[in-house]
Trainee: 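What follows is a single structure, and I will ask about it in a moment.
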Amino acid sequence: MVVGDISTGTDVLVIGGGPGGYVAAIRAAQRGLDTTLVEKDNYGGVCLNRGCIPSKALITGADLAHEAGNAEEMGIHADPAVDMAQMVDWKDGIVDQLTGGVEKLCKANGVNLVKGTATFKDENSVRVAHGGEGQGSESIEFDSCIVATGSRTIQIPNFDYADDPVLGSKEALDMDSIPERLVVVGAGYIGMELSTVYAKLGTEVTVVEMLDDVLPAYEDDISKVVKRRAKDLGIEFNFGEGASEWRESSDGGITVVTETEDGEESTYPADKVLVAVGRSPVTDTLGLDAIGLEPNEGGFLETDDYARTDIDHIYAVGDVAGEPMLAHKAFKEGIVAAEVIAGEPAALDYQAVPAAVFTDPEIATVGMTKDEAEEAGFTPVVGQMPFNASGRAMTTGHTEGFCRIVADEDSGFILGGQIVGPEASELIAELALAVEMGATLEDVAATIHTHPTLAEVIQEAAENAEDQAIHTLNR
Amino acid sequence: MVVGDISTGTDVLVIGGGPGGYVAAIRAAQRGLDTTLVEKDNYGGVCLNRGCIPSKALITGADLAHEAGNAEEMGIHADPAVDMAQMVDWKDGIVDQLTGGVEKLCKANGVNLVKGTATFKDENSVRVAHGGEGQGSESIEFDSCIVATGSRTIQIPNFDYADDPVLGSKEALDMDSIPERLVVVGAGYIGMELSTVYAKLGTEVTVVEMLDDVLPAYEDDISKVVKRRAKDLGIEFNFGEGASEWRESSDGGITVVTETEDGEESTYPADKVLVAVGRSPVTDTLGLDAIGLEPNEGGFLETDDYARTDIDHIYAVGDVAGEPMLAHKAFKEGIVAAEVIAGEPAALDYQAVPAAVFTDPEIATVGMTKDEAEEAGFTPVVGQMPFNASGRAMTTGHTEGFCRIVADEDSGFILGGQIVGPEASELIAELALAVEMGATLEDVAATIHTHPTLAEVIQEAAENAEDQAIHTLNR
Amino acid sequence: QQAETPKGRVFAAPSARRLARELDVDINAVDGSGPGGRVTDADVQAAANGRMDSGVEDSEEESD
Ligand SMILES: Cc1cc2nc3c(=O)[nH]c(=O)nc-3n(C[C@H](O)[C@H](O)[C@H](O)COP(=O)(O)OP(=O)(O)OC[C@H]3O[C@@H](n4cnc5c(N)ncnc54)[C@H](O)[C@@H]3O)c2cc1C
Ligand SMILES: Cc1cc2nc3c(=O)[nH]c(=O)nc-3n(C[C@H](O)[C@H](O)[C@H](O)COP(=O)(O)OP(=O)(O)OC[C@H]3O[C@@H](n4cnc5c(N)ncnc54)[C@H](O)[C@@H]3O)c2cc1C
């Protein structure tokens, strides 16, 4: 449909083929709108190519190798050897299958696919540079536009990802061998997930973090469980230090230099250094000036309940549209933007965005914490169940952590939940449905849960909040 | 409180300390009723001692050993050796911890514990024989009684569990070495779970089944997934044959003889034979004659919506009270019986009892199948999502199976769901809540599901039922 | 206007069903105002109140 250098038109133009963009494009096309998706790189964005999927593949692989090598108590004696290049190949095969799948789904739904980098010409057209020599460019006019340009890794001074020993998350997912010593800068979720992967593969991991704890987005009793286990895996933590530079060392490795707020220096020997200090939205390469749209302080495009920017027919979804920067939030916003454009009564009216961290054990949360519930004016009641009282958890050998449910004391409505423990990322789905549906503690407690399953902790936590628990003593 | 040979009294007498009984006793005591629990054996019943928990422990262990030994594609090279005696020791440790926990919970809640076998003297008292020589007996009078005597393994002619090569499920969970060749009689869930364990540990497993398929309680497209994988694991199936006898063979092993309906014989060489043809309720040793209570044709005690038998103040819960013979159904009935006795408005008004089979992959179901929905007068609409389209499933290397949701076309109410695939037993919890709450397809589809998780298949199946799927083509 | 629910399925949360038992309301006979016709706590409460109201009006009828 779209031919080089000739200006073409489309109902809906989507910029960026990550989770936000491809989902928006498919839904718009499903609604009968002529839809064009411009992507400069691989389909699937960060999530499929160098984020969610590759990280979870390596986490699973490292976990299996580590579990099998540490199961003597279960009667399993093994000394697994890991071929990192092969593990990465396996991961790449999954990525290829999924990115190919996204392209196929777009085509099957009738989305026009254009390869190139889009920049705004004016409020109703973009220029797409096809990149590569002699590839030229084209103009595309649109009635509505969905910006889904995502985010990129933040870089810190003196740590250039182009230099071999310096890794971003992308490079850390593409290693051909297991480093002996790794310094990880940043103890947020990406840093903690990747530290765990390499610690399980046998790397000596040292984490350096400016703040005074791991995973600052989570409550202390939750991050503590993950930190304790990380230490058991041999990970060393150094808080209150920021990485200032690295230099080559005489042993063929490198030395990473850190500094406290007071200017006190420390040095850590390593073979590689992974910088995982956060991500920032991609708005600088879009030519936003041409349409007079300005990102907010954080660099994000602000949107309303319909995913619309300040310009009514221009929408923004996914990482570029603000926190939480998560693939499933991008999915939701993509769907809503497309449906709003199609004239449907859609809105971003969800109650909660669940979030998971795939550390060991996993963390998953949805809705409000107890403190948040108090701040919001509720009188929260809390119920808790430790995994070490769960029969199923015992049979898997993973009994760290707990499930907590936060509810409104008067009405019993479930306001949120926090899980740290085995399969937390899967278990949170039931609580997300409970929060979204306005379920009460009684509703969850009265629902029969299969025995023996980890999900029973959710029922038991609800019962505990009601002083009705059987398998733990009540509060 | 209760002293030998002197008749004592209690508000609530519970006979049997399995999942039905101990839960009923704890809840009755929590309600302030003077409660006495009589158990002749270990606390926790079949479930903790020789059912749910030990089987799941060995399933997890065998699975880990097998996974680690078959992950070359992931870059993991290992050749795990399994010390069966050690694995069984580990399992026993879990069982001890859990049964000890049940005893502690009973005591902490103030339940009077009495060791012995109870038989009815009349409608308001039992005799408890303490067993063991010189242990004597006592009488206990009660206002209300809850019968929770559970079920036992069915025995077939010529296969005596007392003979060494003949195993029941109990014995199969207590082996000190891995048999080279095992014939399994019965392809129900217990037979299939244990066949999978031993096949993964390296045993040559041959399954003999009278009917013409595995897992007859499940729909064909579901059992097919499990059968296909079982065959990949090397399990051989022989349908339409019943085991008629076994004899010792010259190679030091045994020969298992089977017969078709037409009397055609086959023989299978083996080292052990596991008989797993079902379970029957325990009502014969209770002295039911003394109170004029008669089991139904299946041997079960019939109960009403309040777990009451024909005698108003005598209740029955768990396996002895009928199908489904599952621990979590026993929990629910135990709770309801205790609350009804305490005068609360409790009833067995649940919509669905979820069920899981811990084969490879797992099966889990809740509520109605499409056929059942039709029979019940609904116009069902069905949505499906295969695990091979799930990114998370791909990263775990387990992509067999699918998730199906059955809903009422007019209202959108979710009537049931069937999952065969990785972690099905955990994933079903969300669908159970949906069924119990009267959630609609839209409720589940609109709930944000964490990416990347297996639970996304539930959302996608709901979307598929509504012709709104993104990651699969719609129906 | 309550569509006939086939075979004993009730579309109401467990908490609403318990409330119905507590208030002695037959939940199968309650009109649902929730999505798809789901019976809510408020519907059960209204049915109980309605019965009380009519109970006051037709107090003789109640005497069985
Ligand atoms: C290591 C790691 C692990 C993660 N794990 C998880 C996780 O487990 N769960 C989770 O929910 N999230 C996770 N995330 C975050 C997740 O990847 C992002 O939230 C998600 O990818 C955001 O989707 P998006 O569509 O907004 O943007 P992106 O995925 O960033 O996609 C944007 C796309 O737009 C293209 N683009 C940009 N500008 C232009 C332009 N001008 N013209 C054309 N194309 C353009 C880019 O090439 C890119 O393909 C992880 C991230 C990382 C880095
Ligand atoms: C191998 C196997 C695997 C299983 N896996 C699962 C599973 O994964 N999930 C699931 O839900 N279910 C499973 N089950 C079924 C589950 O074990 C039963 O449904 C459950 O144990 C029933 O609980 P109950 O309380 O009714 O009876 P039981 O657990 O059978 O307990 C009855 C108790 O009563 C005692 N008793 C009996 N008569 C007397 C008497 N006269 N006086 C005193 N005490 C008496 C017995 O000693 C026993 O302790 C499995 C069963 C087996 C055999």
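Hydrogens, waters and symmetry mates play no part in the numbers below; they use all other heavy atoms, side chains included. Proteins come first, then strands; the chains are lettered A, B, ... in the order of their sequence lines, and each starts at number 1.
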Trainee: Which atom names give the shortest non-hydrogen contact between A:Ala108 and B:Leu473, and what distance separates them?
Mentor: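 Heavy atoms only, the tightest pair is CB-CD2, 3.9 Å.
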Trainee: Using a 4.5 angstrom heavy-atom cutoff, name the option from B:Gln30, B:Glu436, B:His449, B:Arg392 with the most pairs to chain A.
Mentor: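 With the most close heavy-atom pairs to chain A, the winner is B:Arg392.
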Trainee: Counting only heavy atoms closer than 4.5 Å, note whether B:Ala352 contacts chain A via side chain, backbone, both or neither.
Mentor: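 Backbone of B:Ala352 only, per the 4.5 Å heavy-atom cut-off to chain A.
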Trainee: What part of B:Glu67 lies closer than 4.5 angstrom to a heavy atom of chain A: side chain, backbone, both or neither?
Mentor: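 Its backbone and side chain both get close to chain A.
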Trainee: Is there a donor-acceptor contact under 3.5 Å from the side chain of A:Arg27 to the main chain of B:Ala469?
Mentor: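 Judged by distance alone, no pair lies under 3.5 Å.
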Trainee: Rounded to the nearest 0.5 Å, how far apart are CD1 of B:Ile26 and CD of A:Gln468?
Mentor: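 The CD1 atom of B:Ile26 sits 13.0 Å away from the CD atom of A:Gln468.
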Trainee: Checking B:Asp443 against chain A: side chain, backbone, both or neither under 4.5 Å from a heavy atom?
Mentor: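 Both parts, backbone and side chain.
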Trainee: Do A:Leu105 and B:Ile470 touch side chain to side chain, with heavy atoms closer than 4.5 Å?
Mentor: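 With C-beta onward as the side chain, the pair stays apart.
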Trainee: Between B:Val82, B:Leu98, B:Ile53, which shows the greatest number of heavy-atom pairs under 4.5 Å with chain A?
Mentor: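 The option with the most such pairs is B:Ile53.
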Trainee: Just do the side-chain contact (heavy atoms from CB on, under 4.5 Å) check on B:Glu456 and A:His328 with the steps written out, would you?
Mentor: CA-CA 10 Å; B:Glu456 290 174 284; A:His328 42 285; 5.5 Å; no
Trainee: I'd like to know which of A:Thr60, A:Ile448, A:Thr447, A:Thr453 tops the heavy-atom pair count under 4.5 Å against chain B.
Mentor: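 Looking at each of A:Thr60, A:Ile448, A:Thr447, A:Thr453 in turn, A:Ile448 comes out on top.
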Trainee: Side chain, backbone, both or neither: which part of B:Val444 has a heavy atom under 4.5 Å from chain A?
Mentor: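 Both backbone and side chain.
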Trainee: Pair A:His471, B:Tyr22 - check side-chain contact (heavy atoms from CB on, under 4.5 Å), show working.
Mentor: CA-CA 10 Å; A:His471 292 95; B:Tyr22 81 75; 2.7 Å; yes
Trainee: CG/A:Leu431 to CG/B:Leu433 distance, rounded to the nearest 0.5 angstrom?
Mentor: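 Reported value, rounded in 0.5 Å steps: 9.0 Å.
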Trainee: Is the closest side-chain heavy-atom distance between B:Gln86 and A:Met74 below 4.5 Å?
Mentor: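 A side-chain contact is absent here, since even the closest heavy-atom pair is not under 4.5 Å.
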Trainee: Does any non-hydrogen side-chain atom of B:Leu326 lie less than 4.5 Å from one of A:His451?
Mentor: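 Not in contact.
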Trainee: Quick check on B:Glu73: does its CD atom have over 12 non-hydrogen neighbours (other residues, nucleotides or ligands) under 6.0 Å away?
Mentor: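 Counting other residues, nucleotides and ligands, CD of B:Glu73 stays at 12 neighbours or fewer.
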Trainee: Under 4.5 Å heavy-atom distance to chain A, tell me which part of B:Ala71 shows up: side chain, backbone, both or neither.
Mentor: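 The answer is the side chain of B:Ala71.
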Trainee: Strictly distance-based, threshold 3.5 Å: is any side-chain N or O of B:Glu426 a donor or acceptor partner for the main-chain N or O of A:Leu454?
Mentor: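 Such a contact is found between B:Glu426 side chain and A:Leu454 backbone.
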Trainee: If you round to the nearest 0.5 Å, how far is CD of B:Glu430 from CD1 of A:Ile428?
Mentor: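 Between A:Ile428 CD1 and B:Glu430 CD, I get 11.0 Å after rounding to 0.5 Å.
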Trainee: Taking it one step at a time, do B:Ile59 and A:Thr395 satisfy side-chain contact (heavy atoms from CB on, under 4.5 Å)?
Mentor: CA-CA 9 Å; B:Ile59 287 166; A:Thr395 64; over 6 Å; no
Trainee: Using non-hydrogen atoms only, which part of B:Asn109 is less than 4.5 Å away from chain A: side chain, backbone, both, or neither?
Mentor: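 Interface part for B:Asn109: side chain.
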Trainee: What part of B:Ile458 is in contact with chain A, defined as an atom under 4.5 angstrom from a non-hydrogen atom: side chain, backbone, both or neither?
Mentor: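 No part of it gets close to chain A.
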Trainee: Would you compute the distance between atom OG1 of B:Thr450 and atom CD of A:Glu362 and round it to the nearest 0.5 angstrom?
Mentor: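 With rounding to 0.5 Å, OG1 (B:Thr450) is 10.0 Å from CD (A:Glu362).
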Trainee: With a 4.5 angstrom heavy-atom cut-off, is it the side chain or the backbone of B:Leu427 that approaches chain A, or both, or neither?
Mentor: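 It is the side chain, since no backbone atom gets that close.
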Trainee: If only atom types and distance count, is the side chain of B:Lys332 paired as donor or acceptor with the main-chain N or O of A:Ala446 below 3.5 Å?
Mentor: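 Yes, because the side chain of B:Lys332 sits within donor-acceptor range (under 3.5 Å) of the backbone of A:Ala446.
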Trainee: Looking at B:Cys52, B:Cys47, B:Ala327, which makes the most heavy-atom pairs under 4.5 Å with chain A?
Mentor: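 Among the listed options, the one with the most contacts to chain A is B:Cys52.
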Trainee: What residue, out of B:Ala68, B:Pro354, B:Ala78, B:Ala434, has the most heavy-atom pairs lying under 4.5 Å from chain A?
Mentor: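 It is B:Pro354.
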